[in-house]
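Start at 1 and go down the list; that is how both ligands and their atoms are numbered.
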Amino acid sequence: MPDSLPPQRTQVAIIGAGPAGLILAQLLHQHGVDNVILEAKDRGYVEARIRAGVLEQGTVDLLHQIGAGERLAREALVHDSFELRVDRQRHIIKIQDLAGAPMTVYGQQEVVKDLIALRVEKQREQVLFDAPVLHIADPAGERPSVVYEHGGQRHTLIADVIVAADGFHGVGRNTIPNSMLKQYQRDYPFAWLGIMADVAPSADHVIYSRHTDGLGMLSMRSPTLSRLYLQVDRGATREQWPDERIWEHLHRRLAADDGWRLNEGPIIEFSVAPIKAFVAEPMRYGRLFLAGDAAHIVPPTGAKGLNLAVRDVQVLAPALAALIKDNDSRLADKYSEQCLKHVWWAEYFSCWMTELVHTADDPMAQALALAELRTVISRRGAQTLLAENYVGVSARPPASVTASETLARLT
Ligand SMILES: Cc1cc2nc3c(=O)[nH]c(=O)nc-3n(C[C@H](O)[C@H](O)[C@H](O)COP(=O)(O)OP(=O)(O)OC[C@H]3O[C@@H](n4cnc5c(N)ncnc54)[C@H](O)[C@@H]3O)c2cc1C
């Protein structure tokens with residue numbers, strides 16, 4: 001492949017057009033910092049990728065603040081509670097009353113669509129799709145660059161700073177020498193089988209049901225789309241889980257004594273995702289910064305993954321603006337330390353909630369988790385703590401966006 005094109009230049013090269021990369025680009029745009037987004041996949045693929053869907057209020061506020069909240073305000077479902085089921089009994093956790101904030105249901109792919117439309121159609125800026133980054137050169141030096149492929153040619157983009165918002169399997173984290181990274185990982189012995197069903201949700205809030213066969217969970221993406229999950233073995237396949245078996249398990253695991261009924265509908269999407277927790281620290285190597293899933297993965301119980309990615313870039317944007325525009329590195333130097341506080345909070349909460357609602361092989365762990373769950377549902381204090389962590393109020397960074405506001409808070 002020819003490599004003869006002259007190098008291009010920008011202030012921030014962002015790898016990845018997931019939520020982290022797209023929101024960072026928008027925040028940098030508000031700070032007047034030039035940036036280029038390089039995305040390996042095509043636009044249609046990125047906009048159709050079904051993943052998370054439960055947004056903390058801090059994420060919703062930020063989407064409004066950057067101008068990407070118009071459709072969300074019209075179409076999202078706002079929940080003031082969620083439900084825990086155990087022993088076929090229903091326990092409503094009133095998050096709005098207990099923690100003072102709701103949770104908003106709006107699919108990640110819709111967030112991504114809105115952000116791309118804002119950048120491409122409204123601002124007439126580019127997202128370079130079909131542009132996989134192959135290599136990051138000199139990340140710790142003064143002139144880092146990325147080498148990417150696009151239109152059958154190899155290109156070089158020189159930047160002041162490179163942000164790897166390229167997900168767990170991206171190139172960014174792997175560019176950092178092993179000796180400079182500490183990596184923590186926990187692989188759970190189970191996976192989540194997820195389906196999207198073309199049927200109205202059977203409840204107006206999310207339900208986590210702990211059952212002896214494993215977790216059964218009801219979520220939703222719209223008034224006509226249900227998102228349902230089952231705890232299954234790692235490596236479970238579609239062949240092992242035909243539609244009838246999926247529905248039979250969902251009915252059994254979500255059953256309640258008060259006659260509650262689960263609506264069935266055509267399955268329009270099926271996936272199996274292994275459950276893991278992962279953190280790489282620090283989240284910076286020289287002029288290369290990691291954000292979102294590139295630096296950390298949480299188990300999906302508790303819906304923190306997307307919200308965590310958003311928090312990272314909320315911290316990163318003013319830090320990069322100060323670094324690039326004022327040559328002031330104080331915020332950038334605190335970026336990793338600052339983020340790791342909310343990252344470890346989210347890891348703790350997501351792992352705790354995972355163990356609370358899933359079944360385990362170890363009978364002692366099983367009995368302890370059940371005892372804890374029964375304590376949570378019977379004590380207002382325990383419910384309040386759960387609700388605060390669920391909506392994320394305890395760890396949300398204030399919505400300040402200027403570097404001086406952030407610095408004043410940190411010093
Ligand atoms: C199957 C699945 C289900 C999930 N369900 C939930 C859920 O229910 N709730 C929840 O909170 N979280 C969930 N998550 C997690 C949540 O979706 C992520 O935390 C979120 O996507 C993180 O955003 P991100 O921008 O950091 O990374 P991503 O969304 O992964 O975006 C990274 C982007 O980088 C691109 N990229 C990768 N390599 C390169 C390269 N070399 N060059 C250029 N571009 C590259 C990718 O194509 C991608 O578009 C789920 C994740 C998965 C995988």
Proximal atoms of ligand 1 relative to [X] (non-hydrogen, under 4.0 Å):
X: Leu38; result: 43 (C), 44 (N)
X: Gly170; result: 38 (N)
X: Ala303; result: 11 (O)
X: Gly292; result: 26 (O)
X: Gly167; result: 27 (O), 30 (O), 32 (C)

Using a heavy-atom cut-off of under 4.0 Å, does the side chain or the backbone of Asn307 touch ligand 1, or both, or neither?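 Asn307 to ligand 1: no contact under 4.0 Å from either part.
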One residue to check: Lys304. Relative to ligand 1, which of side chain, backbone, both or neither has a non-hydrogen atom less than 4.0 Å away?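 Under 4.0 Å from ligand 1, Lys304 contributes backbone atoms alone.
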Flag this pair as yes if the NZ/CZ of [X] is under 6.0 angstrom from the six-membered ring centre of [Y] and inside a 45 degree cone about the axis; otherwise no.
X: Lys304; Y: Tyr390; answer: yes
X: Arg238; Y: Phe270; answer: yes
X: Arg71; Y: Tyr106; answer: no
X: Lys276; Y: Phe278; answer: no

Tell me, yes or no, whether the heavy-atom count around [X] atom [atom1], taken from other residues, nucleotides or ligands under 6.0 Å, exceeds 12.
X: Asp258; atom1: CG; result: yes
X: Glu70; atom1: CD; result: no
X: Arg379; atom1: CZ; result: no
X: Asp362; atom1: CG; result: yes

Any non-hydrogen atom of Tyr229 lying under 4.0 Å from ligand 1? yes
Can you tell me if Pro132 contacts ligand 1 (heavy atom of the residue under 4.0 Å from the ligand)?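 Right, Pro132 reaches ligand 1.
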Return yes or no for this condition: an N or O of [X] is under 3.5 Å from an N or O of ligand 1.
X: Ala40; value: yes
X: Val133; value: yes
X: Arg49; value: yes
X: Ala309; value: no

Using heavy-atom distances, let me know which of [options] sits nearest [atom].
atom: atom 31 (O) of ligand 1; options: Ala295, Gly18, Gly16, Ala20; result: Gly18
atom: atom 4 (C) of ligand 1; options: Arg51, Lys41, His296; result: Arg51
atom: atom 11 (O) of ligand 1; options: Gly305, Ala131, Ala165; result: Gly305
atom: atom 19 (O) of ligand 1; options: Ile14, Asp293, Leu128, Asp312; result: Asp293

Return the closest protein heavy atom for [atom] as residue, atom name and distance.
atom: atom 21 (O) of ligand 1; result: Gln108 NE2, 2.8 Å
atom: atom 1 (C) of ligand 1; result: Ala273 CB, 4.2 Å
atom: atom 23 (O) of ligand 1; result: Pro19 CD, 3.5 Å
atom: atom 35 (C) of ligand 1; result: Glu39 OE1, 3.3 Å
atom: atom 37 (C) of ligand 1; result: Asp166 O, 3.1 Å
atom: atom 10 (C) of ligand 1; result: Ala52 CB, 3.2 Å

Which residue, Val147, Thr156, Val146, forms the side chain to side chain contact (heavy atoms under 4.5 Å, CB included) with His135? Val147
Under 6.0 Å between ring centres: does that hold for Phe349 and Trp344? no
Counting distance only, does the side-chain N/O of Arg253 pair as donor-acceptor with the main-chain N or O of Gln231 below 3.5 Å? yes
Pairs where residues 210-234 contributes a residue and the test ring pair (Phe, Tyr, Trp, His ring centres under 6.0 Å) is met, not counting sequence neighbours: Trp192-Tyr229
Sidechain N-carboxylate O distance under 4.0 Å for Arg85, Glu83: yes
Could you check whether the rings of His155 and His150 sit parallel, tilted or perpendicular, using 30° and 60° as the cut-offs? tilted
